[in-house]
Structure formats: C-alpha cells, structure tokens
Amino acid sequence: MSDKQHLYLVDGSAYIFRAYHRLPPLTNPEGTPVGAVYGYTTMLWKLAEDLDKADGPTHLAVVLDKSGKSFRNEIYPEYKANRPPAPEDLVPQFPLIRDATRAFSLPLIEEPDVEADDMIATYARAAQRQGWDVTIVSSDKDLMQLVGEVDGARIDMLDTMKSNRIYIPEVEEKFGVAPELVGDVLALMGDSVDNIPGIFGVGPKTASKLIAEHGNLTAALDSAGEMKTSKLKERLLEHRADAELSRVLVTLKEDCDLPMPLEEFKLDGVPPEPLAAFLETHGFNSLLKRLGAGTGSPERANNLNPAKAERAGAEASPDGNVQDLPEWPAVDRSAYECVQTMERLEHWIERAFAARLVAVDTETSSLDAMQADLVGFSLGLGPNDACYVPLGHFSGAGGSDDMFAEKPQQVDREAAIAVLKPLLESDAVIKVGQNIKYDLNVLARCGIEVAPVHDTMVISFDMDAGRSEDGIGGGHGMDELAARHLGHTCMKFKDVCGTGKKAISFGEVPLDKATQYAAEDADVTWRLYQVLHRRLPLDGATQVYERVDRPLIPVVAGMEREGIKVDRAALSRLSEQFAETTARIEGEIHEEAGEQFTIGSPKQLGEVLFEKMGYKGGKKGKSGQYSTDQSVLERLAIEGATIANKVLEYRQLSKLKSTYTDALQEAINPDTGRVHTSYSLVGAQTGRLSSTDPNLQNIPIRTEIGREIRKAFVPEEGNVLLAADYSQIELRLAAHMADVPELREAFANGEDIHARTAREMYGEVDRDTRAKAKTINFAILYGISRWGLAGRLGIESDEAQELIDTYFKRFPGIQSYIHATLESVRSKGYSETLFGRKTWFPRINSKNQAERQGSERAAINAPIQGTSADIIKRAMARMKPALADAGLGHVRMLLQVHDELVFELPEGDVAAASPVIEKVMAEAAEPAVTLSVPLGVEIGTGESWDAAH
DNA sequence: CAGGTCACG
DNA sequence: GACGTACGTGACCTGC
C-alpha cells in the first residue's frame, strides 16, 4: 500500500441545498428545522467511515460559500443577481452546518469574497502539484473542469447522493468533451442559476456538439460565419460577446490565497465527544447509537427519516436544485400514486405543506370553468413525485349521479375539499399551475380561494411571447412547453378521453389511466416551474410578471366568475327580427341573381357576381377565388350593383344573428343566469388579453343595428353599468414614446388630437382634413406603407407618400421612434413596452420581404399596443383594493375591452365610485413609469352597456 | 381544418 | 421583379 495522500474537498454549500430539497423537513427537539443538517451529517459520517479504505481520505476539508462578492461580480455585476433568497427554513440551518463540521473536528474553509468553487479549485490544484490524489465531494458541473490527471495525481469527484465517482469518462459522457473543454461548453450553455448568459437558445446538446466539432470555444464561434443560415448561426454571431464573457465567468480561479496549509487537513479520526454532543442536541438518535456502538452504517440509521421519504428521495431526482436540473429522471408515469384514502390524502397534504411549493391541477367534466364539476385533482411535489386524487369517477352509463353507476373507491368529496382548502389557501405554500386561472375558478366554486399562485403558462408568455422555435412552435400550452423545455412528450387528453362522439368525460376514465394523465400534468407543471421561473430575472421578465401579469391572474379569474347579465328576451326578439329580414333579403338576392345559391358561400357568391352577372372584379389569393369582401361589394354598389348592397346587409344581419343574438343566449350560464367569458392572459403577442367563449371584446358598437345587441347587456335590478374608457390611449402613448412636442401639448391642453394633426399637416382644420389626419394617425400606430395609406384614403400611392413625408417632417420624433424601434428589434430580436414586456419578432430579419415587412409593422405597433395593455392591466390589479379602501368593495368589475373597463354597481354608488375608478386608471402607469402626457379617462353609466357609452 | 369574412380595440 | 399592402384579436360559415 502506497503512502499516497488523498485529499477530500467537500463542497458543503452545494450539498446542503440538495439535502434540503431531498430530505423531509425534520425538526430538532427545539423545533429548529434540521433536515438539511441531518443529510449533511450522514454524508460526513459516510466519508469518515471510508477513512481507512484504500481510496479513502487521508486529508479532508469542508469548503463553504461565505456571502460576499467575488471577482465575477466585478466583471459582471449581474452575476448570481437572480438567485432567489434561500428558503426561510433553510436559513437557520446554515450555522448548524458549521456546527456539524466542527462536531466532526474537520477543518472548515470559509473565505469572504471567494467562492467555494474557486477555493476548491485552488486547493485541488495545490494538492495535485504535490502529487496527491484529490476527490471533490460535489456534483457541481462547474467543478468538472478540474477532473483529470497530472503526473499521476488524479482529481476526481464524488456525488455522495448518488454514490458515484465522476472521472474523465463520466465527464465526457455528460458534456461530450474532455474535462478541459467543459468550460467552453459551459460558456455556450450559460447558467440561469448563476445568471451566466451563455448563448440564448443553446443548450447542453448544441453546446457540446459545437465544442466537440470545433475543438474550442473560439473555433466554434468563428465557425458561425461559415454556417448555413439558421437560428443557431444568428445567435452565435449576435451573442458572441456573451459567450466570451461567460467563458471568463465559468473559469475557476486556481490561485486564491490559501487560508490554511494543506497539511492541516490531515485526518486523525473523529473524536467522539463533540460529535456525540452535537448528535444529541439535534435528536439524531440513531447516529448517536451508532457512535456508541463504535461502528455501523449511518446511511441506514434514521429514526427521523420516514421510510417513504427516504425511498422517494433516493429514487427521485437529485432534487430541485438548479445545477442538477438536466439530471432529473425521465417522467415515469408508473411512479404516481392514486390517492384513495383519507389517510394517504392527508399524508400528501402534509408533505405539500412541508415542501412550501406544490403543483396543482384539477380534472373536471368540462373545459368551461364555470360549468365544470370537479372530478379529481393532482398534486406535484417533485420529479415523478406526484399523485392523483379521484373524487368523482364512475363507470357505466348514466353519469356520476346515477345510482346504478359503479364507483371505484374514492375519498369523500367534501372531506377532501375540507383538507385541501387550508393547503390551497395557505400564504406559506405557493401553488403552481399551468393556466391556473382555470383551476382558480373551478376551486372557487368549491369554496376554495387559492393563493398565492404562480402560472407556468404566464411565465412562459412573459419571457417568450412571439418566439417560435424552429419546428416546435411558440405556444405556451403544457404539451408544447414540456416538449420545448423538458424534452418530454405528454400524454394527450384525447388518448385518455377519446375524441368526437366517442369521447368520454374524465370521470369515466379508469383510475390507473386517469392517475397517469393527471399526475403527469402536476409533475410536468412542477418541472416547468423550476425551469421557467428561474429564467425570469435572466430574461428581464420579472418586472412584467410580478408587477403586471401575476397579480392579474386572480383578478381576471374573479371577473370571469362575475359574468354579466344579458337580456335573453331582447336577444331572442332580435334573432327573430334578423331571421325575418335575412329571409326577405335572401329572396331578393336570389331573384336578382336569377338563381338559388348559398349567399354565405364566398365561392358561390363570387361566381354569381363575377361570372354569371358579369361584374368586374379580380381573383385573389392562392385559392384563385374571387374576393367578395366588404370593400369589393362597396365598390360594386357604387358602380350600381344593387345586389351588392343587399349582400352586405344580408351578411351583416346573419353575422349579428349567428355570432351574437343566437350565440349569446346559448352562452347564458344556467346556474348564474349570466354570461361568463374566458379571458386568455397569453392570447395576444402584444400582451393584450383576449376573450373567448363567448368573445365579449367584439360586441358590436359601430352601427346602429349592432348597438341593439349592446343594449341587451344589462345590470341587475337597482344597479347600473359603468363603462370607463381610456381616451386615445395609444396615440397618447405614441406622443410620449416618440416624444412629439406638438402632440404632447395637444393632449395636455385637452385638444382634439386629430384636429391638431390636421392643423399641423394641412394648416387648416375641416371635416375632410380632420378625417384624413385621423386615418394617418392610426396608420402611424400600425406601421405605415404608402400603398396601405393610399388604399385607405382612396388616393394614389405617391400622394400618400407625400402625406407620410409631411407627417414625418412635422413630427420628426415619430420617424426617429420608428427607426430606433426597428433597429433595436433587428438587433435584439424583440420589442419592449415601457414596463419591459418583450415581444419577439423572429422574422424581423427574414429574407422574405413580405414576411420581414409584416414583422416590421407589427414591431412598430407592439410597444404601443403592449404598453397600453400593461397600463390597463395595472389598473385592473389595483382596482379592487382601491374601491375597497373607499368603502366600495361591492362594486364589481365585469369586463375588459382593451381600453375599457365595465363595472356593475348600485346606482347610488356611481358618484362615489367614478372618481376612484378614474384615478386608478389615470394613474396606472405610476410609479413605474411617468408619462409626459396625461391619461384621459371617460366614464359613462346607464341601464345597458350601450347606454353607458 | 383552412380560408374567407367581419365583429371589436 | 414579384410580393402584398395597417396592428392586435375570435367566431362563424363553407367546402375540401
């Protein structure tokens, strides 16, 4: 046996985070949480036991991070800037970790302003130079750079949680390159935990491939020039500097000052007294017993550690620790538990309380949260650590209420809700959902007010709106997110419930299958949260998520539950009236055409108009079909085609009937008697909400007949509807953002903005010039083109160009705003609102002109439309507390229509509520943003939505 | 399921 | 030289 020295360096800080996540929340006799300490202690115990083995330590030291800044912060202030604070029941364990180390009489290295990794690297190299072998007790990927041999002295790593050694082959397997190139791979990948940028969109796979192919980082970056056009190429070229900075950040500092010479790390056995005292203090009785016996294997010894938790910990992921995210075990649907007894349910709920963060998903009988019955719910606590709790499953025909239906063993519904409620309402436990607004509504209808919440869908939207990965798509649905971020394919709902006529409700799904599907959702949601949430600060999206969108989730859920009353009888009368009129017009059209045909078919209509009847008109689009839209028909009408006017009227009425008067009656909820829309928080790339089932954001208003439909939206007896509109908010924002003094001044003075524009452009204001100015103003907001403006104004395109030139000359701020916005979007890939909301434009540099120009127009509009959306969202989030403060807690906010909020309130409260609503809306940008224009708010009230305008 | 059309901001 | 021609949505209808 050689007398070769072998130094063990324990990465204590990394270990305790992992132990914290892995182990159950034990407490010592004093009530201090000690779960992580216990894990740490058993780990040291195990190392100490190896003392006499061949490969065991002759020297050992524990290295801890001490708070402070390292050299990395000097070159990159954002380094580790997004680290969340340590969980509050881990904080008191840090000093205990030191106590534990001292109890083992082990040297402890803890230097201010030096990171543990650098200290470990320095000691490891120093020992290696002396010909010692070194084992680094850690699984930190950054440290893998050190692995290897110099002159017969080896550095390897030991992951005690997985009990495996990491040497060159293991590193090569993980990174696809030799250890000395690991830093280059890391530089490309980046690290969201430490806030190391890397190259966005380049993950471990691409990074190792590039480095393996080109040999090093510089060569890999240089190769981008020769690559075929691709996302990757763009990213490599654009973010080269980030990668180079990252390379410096991931490089370990190997020449720190050594606070203690290596020789002092010599192990001389563990004196039993201090250790015994420590074990006793914290109630680690089984270890204490082993110590008394002088032998034994600490890893089996625990009376603190419930057997189940031990098992779960050992099988489950390393943990929720970030460095190990890619090491999660694959989704294993057989690992999920179907909870069928109260005892097991209480166990899960206890564990969820301890975990402080739980993924929640409800399974129901309907996609409509306001009609859905709760069929079951799932909880997720970690990778493959998830359960499904069936509540309303049944088999056989008749439905869950059928007394003949067979029901599997399930927890009693009311009892389950009773134990679930404290968990879901606890301030101390974060509930994570994918589109959790849905679950909020379902559960609110069960009497549970879920809070606080996170939503993986919204987090994704706030970082990645508009982004589309090649081939995968850019949506924010769970299946897509799982594919994109976890490389996992989710079980499809239709594989569980079938599709079309054969579809069954989730309650009919057998429990084993239901458990696989439902618990997987919770598992995947938990994983997505881990991956996405920590990216928020890195992507600069924390502000928008925390200050705009996250607070909005419960607010919008509440609005959906409120719904709005519609006058069914009035809608019904309109439907009848529209039916009669369309029938009459249909006859007239057929007569004029000389044949029966389907007027609602653009194909048939086009053929009748342009072939049979011989009107002139062009083909359009790839389909080769005649266009028969409004503008075409209006042109024909001017040319004397009476049939065109009839078709227009027919179209208008059949649209109003099918989309509104018929559909809205159908949409009345039988339980509440009101119409409940569903808002999508991720529907519009710009950050606007969208409304579906039914869409209450496109209720007619522009025509007299259309307004009849608005009249059917009414308050309850004794109440009124109040509509509060931002006036010209997008133009105001344009005036602010583009810094146009004339327009700012006009808004400040309360002038008619289109008239002011007309005065600036034409020198005089009349009906005609004001109308033109109005068109031009809107054209600006939407990204102008000479042809587009020409089409709208009915002028030639060179004349339109002159108008545009005049506009830019009068308002040079607008031109430079557009220029600067486009330049920024071209280089960064995204636009930004005043509140930091990003919208990505992946086609902004497309070679396809139409594609590129389309992106350019959208990119000009997005900051303005998006800022407006941010502002009204902030107003919405503040509205309820502001009203409550004014003693108006009963005022109900019902609808949002982009620049308008609709409320229902007792008539007598209008005078008190109006100024509160106006103030909240007018001041909604503050204090985050101070606008140079006032935000005007117009308020109206009435006995219908129409009357409130 | 895509395309055309049209309702809204 | 052709491309399409104002931004953002959702619902309904027809016809493949």
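Here is how names work: the chains are called A, B, and so on, in the same order as the sequence lines, proteins then strands, and each is numbered from 1.
A donor-acceptor contact closer than 3.5 angstrom is absent between the side chains of Glu588(A) and Tyr650(A). For the residue pair His476(A) / Asp464(A), no side-chain donor-acceptor distance below 3.5 Å is found, with atom types taken as modelled. Side-chain N/O atoms of Asp805(A) and Gln801(A) include a donor and acceptor closer than 3.5 Å.
Using a 4.0 Å heavy-atom distance criterion, Asn848(A) is classed as making no nucleic acid contact. Within 4.0 Å (heavy atoms only), Gln604(A) reaches sugar-phosphate atoms of the nucleic acid but no base atom. In this structure, Ile699(A) reaches the sugar-phosphate backbone alone: every heavy-atom distance under 4.0 Å involves primed, P, OP1 or OP2 atoms, never a base. When heavy atoms are screened at a 4.0 angstrom cut-off, Ala790(A) is found touching no nucleic acid atom at all. Note on Gly783(A): only backbone sugar-phosphate atoms sit closer than 4.0 angstrom, heavy atoms only; bases stay farther off. Counting non-hydrogen atoms under 4.0 angstrom, Ser785(A) reaches a base of the nucleic acid. Across all strands shown, Gln630(A) has heavy atoms under 4.0 Å from sugar-phosphate atoms exclusively, and none from any base. Within 4.0 Å of Thr598(A), counting heavy atoms only, lie sugar-phosphate atoms of the nucleic acid but no base atom. Residue Ser680(A) is out of contact with every strand shown, counting any heavy-atom pair closer than 4.0 Å. The residue Ala684(A) sits close only to the backbone: its heavy atoms come under 4.0 Å of sugar-phosphate atoms, none of a base. When heavy atoms are screened at a 4.0 angstrom cut-off, Ser678(A) is found touching no nucleic acid atom at all. Within 4.0 Å of Ile701(A), counting heavy atoms only, lie sugar-phosphate atoms of the nucleic acid but no base atom.
Rounded to a whole Å, the CG atom of Asn698(A) is 19 Å from the P atom of dC7(C). For the pair Phe713(A) CZ and dA7(B) C1', the computed distance is 12 Å after rounding to whole Å. Atom NE2 of His898(A) is separated from atom P of dG10(C) by 9 Å (rounded to the nearest Å). Here the C1' atom of nucleotide dC12(C) and the CG atom of Asp629(A) are 16 Å apart, to the nearest Å. Between the OH atom of Tyr650(A) and the P atom of dG4(B) there is a distance of 20 Å, given to the nearest Å.
No side-chain heavy atom of Phe578(A) sits less than 4.5 Å from a side-chain heavy atom of Gln652(A).
Between Trp945(A) and Phe713(A), the angle of the ring planes goes over 60°, which puts this pair in the perpendicular group of the 30/60° scheme.
Taking atom P on both dG3(B) and dT5(C), the two are 14 Å apart, rounded to the nearest angstrom. With both ends at atom P, the span from dG4(C) to dG4(B) equals 12 Å, rounded to whole Å. The separation of dA2(C) from dC6(B), taken at their C1' atoms, amounts to 29 Å, rounded to a whole angstrom.
Closest to the side chain of Arg688(A), out of dG9(B), dA7(B), dC6(B), is dG9(B). Proximity note for Arg857(A) (side chain, C-beta onward) versus dG9(B), dA11(C), dC7(C): the nearest is dC7(C). Of the candidate nucleotides dG10(C), dG8(C), dT14(C), dG8(C) has the atom lying nearest to any side-chain atom of Gln865(A).
In this structure, Gln625(A) does not reach the dT14(C) phosphate: none of its side-chain N or O atoms is under 4.0 Å from OP1 or OP2. Phosphate contact (OP1/OP2 of dT5(B), side-chain N/O of Thr628(A), threshold under 4.0 Å): present. Note on Ser601(A): every side-chain N or O is 4.0 Å or more away from OP1 and OP2 of dG3(B). Within the 4.0 Å cut-off from OP1 or OP2 of dG10(C), at least one side-chain nitrogen or oxygen of Ser690(A) is found.
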(request) Apply the test side chain to side chain donor-acceptor pair (under 3.5 Å) to residues Arg826(A) and Asn845(A): give CA-CA distance (whole Å), side-chain angles for both, the deciding distance (0.1 Å), then the verdict. (result) CA-CA 6 Å; Arg826(A) 283 182 195 120; Asn845(A) 292 315; 4.7 Å; no
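Using the Watson-Crick or G-U wobble rule with both distances under 3.5 Å, dC3(C) pairs with nothing in any strand shown.
Within a 6.0 Å sphere centred on NZ of Lys492(A), other residues, nucleotides and ligands contribute more than 12 heavy atoms.
For Arg651(A) against dG4(B), a side-chain-to-base donor-acceptor contact under 3.5 Å is absent. A donor and an acceptor atom never sit less than 3.5 Å apart when one is taken from the side chain of Gln697(A) and the other from the base of dG10(C). In the interface, the side chain of Gln849(A) is paired with the base of dC3(C) through a donor and an acceptor atom under 3.5 Å apart.
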